[in-house]
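A short worksheet on the structure shown next.
Any value given below was found using the heavy atoms of this structure, including those in side chains, with hydrogens, waters and symmetry copies removed.
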Amino acid sequence: MSAAERAEPGLVCAFAVTRTPPGPAALASVPGHEEGGPLRVLDAGGLYVVVQDVPAALFGEQALAERLNRPADLERCARAHHRAVEAAAGAGAAGAGAVKGASVVPLPMATLYRGDRSAVRAVAERRPVLEALLDRLRDRTEWAVKVHAADGAADAAPGPPSAPEGSGSGGRAYLSRASARRRDRQEAHGKARSEAEAIDAELRRHAVAATRHRPQSERLTGRRTPQLLNAAYLVENADRDAFTRALTALTAGGGHFSVRTDASGPWIPYSFARWDEEPVPETGREVPA
């Protein structure tokens, strides 16, 4: 950080809210944004916010928008945010993806305030929502599941042969085979979609809530087959074994031959912790009080 950047008025970047503040040693071992100061905790009247002082020169509205449009900078910011959220949950020392310790409400990436008072006031104004979220997320984790059409599933039918030259009947046969190929592709895609829906229905049986994200493009996934399901499931820690058994059966095949299923978890439940949106409704299954 340059001397000019240090001289700029600073901002406070907020990462997560919890009822149990992480200890100084846990925070000291976790770097936030590399351009900012050490992670610290603000007391918002019984709720605690993990924050970091960051320079306005780099985190002001225009500067931040420019940085987040650069993929490398976006990835660095996202990783810094996730590290700080894990620290708030007491998971920082356990490695990426680990979940243990306190329930937290992760805040959206790049939640910025002009000073500690503004951050504390924002939390106080949303206290009922945050308290409800902390109750809802206690002893629960998120699992991410992505379902793609299987490689070659949409191309299983052989392509139509070339039409014989100078043959009217051959031309008609060519068009007939081309039409059949289109039907086969449509049927294969429909079968893959049906299997993705069946996987989602099975996993919802073992979750207290589920939400779907927009499917990712082939450019992002690196696959040449379409993503049919991009879902997250909120799972009781007590029910984790049942959920993971269902996942294992599905990812091992489970009779769904037209799709491939990838899963990861447990994660801090980002998808179910938005304090600025209506909560994702829970399923009808019974949940222990």
Side-chain angles (χ1 to χ4, degrees), residues 16-17 78 81-82 85-86 89 91 96-100 103-109 129-150 189-217 220-221 223 225-289:
V17 176
H81 183 82
H82 183 60
V85 172
E86 284 192 321
V99 177
K100 65 177 184 177
S103 172
V104 297
V105 174
L107 303 181
M109 189 174 72
V129 174
L130 290 166
E131 292 276 12
L133 281 172
L134 287 165
D135 287 341
R136 182 171 187 257
L137 301 179
R138 185 175 59 241
D139 297 324
R140 294 172 174 177
T141 51
E142 176 175 330
W143 293 75
V145 176
K146 303 181 193 304
V147 179
H148 293 81
H189 188 68
K191 188 173 189 303
R193 283 200 172 277
S194 295
E195 291 185 8
E197 293 296 330
I199 288 169
D200 181 51
E202 171 63 18
L203 293 178
R204 285 173 183 261
R205 292 180 55 241
H206 304 284
V208 295
T211 188
R212 292 191 182 190
H213 303 301
R214 179 179 299 176
Q216 296 171 315
S217 68
L220 290 176
T221 64
R223 295 174 180 248
T225 56
Q227 189 174 89
L228 305 174
L229 179 69
N230 182 13
Y233 302 88
L234 185 65
V235 178
E236 289 276 0
N237 289 346
D239 296 333
R240 182 180 298 179
D241 288 347
F243 186 84
T244 54
R245 281 196 299 270
L247 267 180
T248 299
L250 293 168
T251 54
H256 301 293
F257 303 112
S258 296
V259 297
R260 293 293 179 266
T261 304
D262 300 310
S264 62
W267 300 103
I268 292 169
Y270 286 91
S271 299
F272 304 90
R274 292 298 300 269
W275 68 344
D276 54 350
E277 294 179 354
E278 289 296 319
V280 177
E282 297 193 358
T283 64
R285 65 189 290 279
E286 292 187 5
V287 179

For a 4.5 angstrom cut-off between non-hydrogen side-chain atoms, does Tyr270 reach Val85?
yes
side-chain contact (heavy atoms from CB on, under 4.5 Å) test vs Leu133 passes for just one of Val104, Val105, Val17, namely Val105
Flag side-chain contact, heavy atom, 4.5 Å: Asp200 against Arg212
yes
Starting at NE2 of His148, measure out to CG of Leu228 and round the result to the nearest 0.5 Å.
8.0 Å
For the backbone of Arg214 and the side chain of Asn230, can you confirm whether one donor and one acceptor N or O come within less than 3.5 Å of each other?
yes
With rounding to the nearest 0.5 angstrom, report the OH to CG distance, Tyr233 to Asp239.
15.5 Å
If you round to the nearest 0.5 Å, how far is CZ of Phe272 from CG of Leu137?
9.0 Å
Parallel, tilted or perpendicular, as decided by the 30° and 60° cut-offs, for the rings of Phe243 and His206
perpendicular
If you apply the rule salt bridge (charged side-chain N to carboxylate O under 4.0 Å, His left out), what do you find for Glu197 with Arg193, and how did you get there?
CA-CA 6 Å; Glu197 293 296 330; Arg193 283 200 172 277; 5.8 Å; no
Counting C-beta onward and ignoring hydrogens, is there a side-chain heavy-atom pair between Thr261 and Val145 closer than 4.5 Å?
yes
Here the pair of heavy atoms bringing His213 nearest to Ala232 is NE2-CB, 4.0 Å
Measure the shortest side-chain to side-chain distance between Leu203 and Leu250 over non-hydrogen atoms and say whether it is less than 4.5 angstrom.
yes
Any donor-acceptor N/O pair, Glu236 side chain to Val208 backbone, under 3.5 Å:
no
Any side-chain heavy atom of Trp143 sitting closer than 4.5 Å to one from Pro266?
yes
N/O donor-acceptor pair under 3.5 Å between Gln227 side chain and Gln216 backbone:
yes
Any chance you could measure Leu247, atom CG, to Glu202, atom CD, to the nearest 0.5 Å?
9.5 Å
Taking every non-hydrogen atom, the tightest pair across Leu229 and Ala196
CD2-O, 3.9 Å
If we ignore hydrogens and angles and just use 3.5 Å, is the side chain of Ser103 paired with the main-chain N or O of Leu134 as donor and acceptor?
yes
Locate the shortest heavy-atom distance separating Arg140 from Leu234; write the atom from each residue and the value.
CB-CD1, 3.8 Å
